[in-house]
Peer 1: 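Structure provided below as structure tokens; questions to follow.
Only this structure's heavy atoms are used, side chains among them; waters, hydrogens and symmetry mates stay out.
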Amino acid sequence: MGKNVYITPPATLGRETMRPGDNQLVDLTSLPCAHRSLMREESRIKAEIHAFEDFLDRLNEDPPQPYRTDGGTKPTTLQTQTPTTTASLDAVQTAYQETVLAVDHWEEAYGKETTGESIANEFGPDVAAGLAGGVETWTSLLWNQLRAETTDSIETRRRCHQTVVAERQRIESLSDSLAVSGDELARIERADYPFDDRSDRLSAIQHQLEWLAEEEQEHLRQYERSKTDLLSTQCMQI
């Protein structure tokens with residue numbers, strides 16, 4: 001199933017190094033704001049990856065113990081001193097709360113959810129129902145399914161992180177190109193060039209900007225056709 005990875009749409013997205021005032025031409029665009037948003041998304045996705053990795057580590061410490069009809073079980077190891085399967089299930093939910101739900105932006109990005117609701121949205125209703133079913137459903141099969149879904153959450157976010165990094169780098173390259181044209185315009189305004197050269201230089205800048213605009217339009221057309229980049233259903237929860 002698709003994972004609940006929140007990615008800001010590209011229309012609202014841009015370079016921590018792109019400080020206001022660095023280049024007037026760049027500052028007239030939405031690129032600095034886009035770069036800041038992309039940097040924030042990178043940081044958020046990395047935080048989620050680390051949280052799910054920590055949850056998986058804690059999950060691996062506590063495989064389910066054989067359930068006995070007399071209510072007994074072997075001791076558990078997931079940070080609980082109560083040697084019961086019920087305690088083991090509680091420890092799984094506690095681990096989820098202390099790792100995934102503890103991510104600073106989680107509620108802002110995904111809304112206010114109970115632990116069970118978040119698990120259902122992230123891993124699917126079957127896993128959530130299994131965890132809510134008590135000792136009878138806490139089996140090796142469910143444990144392995146939960147581990148597989150957690151691994152899938154990690155891999156999905158890694159792919160999304162690569163997509164956001166690529167978009168940030170594209171924004172930076174576009175900003176650098178605009179900055180070159182902006183610097184050239186500033187030199188023309190300062191009359192750094194002979195009068196006879198200014199018209200040719202302005203024409204060259206115009207052609208460069210038109211080319212950059214066409215490149216950007218082509219990028220957006222490809223995005224609309226593919227629908228697999230930042231707004232992929234694998235990478236975003238609306």
Peer 1: Partners of E107 by side-chain contact (heavy atoms from CB on, under 4.5 Å), sequence neighbours excluded?
Peer 2: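 E107 satisfies side-chain contact (heavy atoms from CB on, under 4.5 Å) with K112 once adjacent residues are dropped.
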
Peer 1: Checking R170 against E216 for the salt bridge (charged side-chain N to carboxylate O under 4.0 Å, His left out) test, could you report, in this order, the C-alpha distance in whole Å, the side-chain angles of both residues, the deciding distance, and whether it holds?
Peer 2: CA-CA 10 Å; R170 190 187 68 81; E216 186 65 12; 2.5 Å; yes

Peer 1: Kindly give the heavy-atom pair with the smallest separation between A51 and V100, and that separation in Å.
Peer 2: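 Closest pair (atom of A51, atom of V100, distance): CB-CA, 4.0 Å.
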
Peer 1: What pairs with R147 under salt bridge (Lys or Arg N to Asp or Glu O under 4.0 Å), at least two apart in sequence or on another chain?
Peer 2: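 Expected list: none.
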
Peer 1: Just wondering, do V92 and L146 contact through their side chains at under 4.5 Å, heavy atoms?
Peer 2: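 In short, these two side chains touch, coming nearer than 4.5 Å.
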
Peer 1: Classify the ring geometry between F55 and F123 as parallel (under 30°), tilted (30 to 60°) or perpendicular (over 60°).
Peer 2: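 Because their plane-to-plane angle is under 30°, the rings of F55 and F123 count as parallel.
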
Peer 1: Would you kindly confirm whether L209 and W211 end up in one hydrophobic cluster when ILVMFWY residues are joined by side chain heavy atoms under 4.5 Å apart?
Peer 2: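 In one cluster with L209: W211, yes.
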
Peer 1: Go through it in stages, so that I can follow the logic: the residues are R44 and E48, the test is salt bridge (charged side-chain N to carboxylate O under 4.0 Å, His left out), and I'd like the CA-CA distance, side-chain angles, deciding distance and then a yes or no.
Peer 2: CA-CA 6 Å; R44 286 186 167 195; E48 292 183 18; over 6 Å; no

Peer 1: Would you say the side-chain atoms of Y110 and S118 include a donor-acceptor pair closer than 3.5 Å?
Peer 2: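 On atom types as modelled, these side chains do not qualify, holding no pair under 3.5 Å.
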
Peer 1: Could you check whether atom CG of D104 has more than 12 heavy atoms from other residues, nucleotides or ligands sitting under 6.0 Å from it?
Peer 2: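 No, not enclosed.
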
Peer 1: Please check this pair: side chain of S43 against backbone of M39, looking for a donor-acceptor N/O pair closer than 3.5 Å.
Peer 2: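 Not a single qualifying donor-acceptor pair exists.
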
Peer 1: Given C160, which of I49, V165, I45 fulfils the side chain to side chain contact (heavy atoms under 4.5 Å, CB included) condition?
Peer 2: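 So, applying the side chain to side chain contact (heavy atoms under 4.5 Å, CB included) to C160 and each of I49, V165, I45, only I45 qualifies.
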
Peer 1: Does anything in residues 198-208 pair up under salt bridge (Lys or Arg N to Asp or Glu O under 4.0 Å), and if so which pairs, sequence neighbours excluded?
Peer 2: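 Passing the test, one end in residues 198-208: E184-R201.
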
Peer 1: Nearest heavy-atom pair of A128 and G116: which atoms, and what distance?
Peer 2: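 For A128 versus G116, the nearest heavy atoms are CB-O, 4.0 Å.
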
Peer 1: Closest approach of S175 and L31, non-hydrogen atoms and distance?
Peer 2: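 Taking every non-hydrogen atom into account, OG-CD1, 3.4 Å.
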
Peer 1: Please list all pairs meeting salt bridge (Lys or Arg N to Asp or Glu O under 4.0 Å) that have one or both residues in residues 203-214, counting only residues at least two apart or in different chains.
Peer 2: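 The answer is E214-R221.
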
Peer 1: Quick one: does S30's side chain have a donor or acceptor within less than 3.5 Å of a partner on C33's backbone?
Peer 2: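 Flag not set: sc S30 to bb C33 has no pair under 3.5 Å.
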
Peer 1: Please name the pair of heavy atoms, one in T114 and one in E117, separated by the smallest distance, quoted to 0.1 Å.
Peer 2: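 Scanning both residues, the minimum pair turns out to be N-OE1, 2.9 Å.
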
Peer 1: Output all residues satisfying side chain to side chain donor-acceptor pair (under 3.5 Å) with E189, sequence neighbours left out; order by chain, then residue number.
Peer 2: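 With sequence neighbours excluded, E189 shows a side chain to side chain donor-acceptor pair (under 3.5 Å) to no residue whatsoever.
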
Peer 1: Show your reasoning for whether side chain to side chain contact (heavy atoms under 4.5 Å, CB included) applies to R40 and R36.
Peer 2: CA-CA 6 Å; R40 182 191 63 185; R36 287 192 296 271; over 6 Å; no

Peer 1: I need the L38 CG to T163 OG1 distance, nearest 0.5 Å.
Peer 2: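 One finds 11.0 Å between CG of L38 and OG1 of T163.
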
Peer 1: Is it true that a side-chain atom of D192 and a backbone atom of I188 form a donor plus acceptor pair closer than 3.5 Å?
Peer 2: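 Checked: no pair found.
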
Peer 1: Are S181 and Q208 close enough, and set up right, to give a side chain to side chain donor-acceptor pair (under 3.5 Å), and what steps lead you there?
Peer 2: CA-CA 8 Å; S181 295; Q208 173 70 2; 5.0 Å; no

Peer 1: Any side-chain to backbone donor/acceptor pair from W143 onto L59? Under 3.5 Å, distance only.
Peer 2: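 Side chain of W143 to backbone of L59, a donor-acceptor pair under 3.5 Å: yes, one is there.
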
Peer 1: Working to the nearest 0.5 Å, report the span between CG of N121 and CD of E113.
Peer 2: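 Going from CG on N121 over to CD on E113, the span is 4.5 Å.
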
Peer 1: Out of curiosity, does L141 fall in the hydrophobic cluster containing W138 (side-chain heavy atoms, cut-off under 4.5 Å, transitive links)?
Peer 2: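 Different clusters.
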
Peer 1: For L142 and G130, work out which heavy atoms get closest and say how close.
Peer 2: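 So the two residues come closest at CD2-C, 3.4 Å.
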
Peer 1: First locate atom CG of D152, then atom CD of E122, and finally report the distance between them rounded to the nearest 0.5 Å.
Peer 2: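 If I round to the nearest 0.5 Å, the distance is 9.0 Å.
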
Peer 1: Could you work out, with salt bridge (Lys or Arg N to Asp or Glu O under 4.0 Å) as the rule, every residue matching E155, not counting sequence neighbours?
Peer 2: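 Result, salt bridge (Lys or Arg N to Asp or Glu O under 4.0 Å) vs E155: R158.
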
Peer 1: State the CD-NZ distance between E41 and K46, to the nearest 0.5 angstrom.
Peer 2: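 Result: 12.5 Å between the selected atoms.
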
Peer 1: To the nearest 0.5 Å, tell me how far L185 CG sits from R190 CZ.
Peer 2: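 Output value for this atom pair is 10.5 Å.
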
Peer 1: With a 3.5 Å cut-off and no angle check, do the side chains of R159 and T156 form a donor-acceptor pair?
Peer 2: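 Checked: R159/T156 side chains pair up, N/O donor to acceptor below 3.5 Å.
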
Peer 1: Looking at R58 and E98, is there a salt bridge between them, counting it only when a charged N and a carboxylate O are closer than 4.0 Å?
Peer 2: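 Result for this pair is yes, salt bridge flagged.
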
Peer 1: Could you measure the distance from the OG1 atom of T115 to the CG atom of L101? Nearest 0.5 Å is fine.
Peer 2: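 Here the rounded value is 5.0 Å.
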
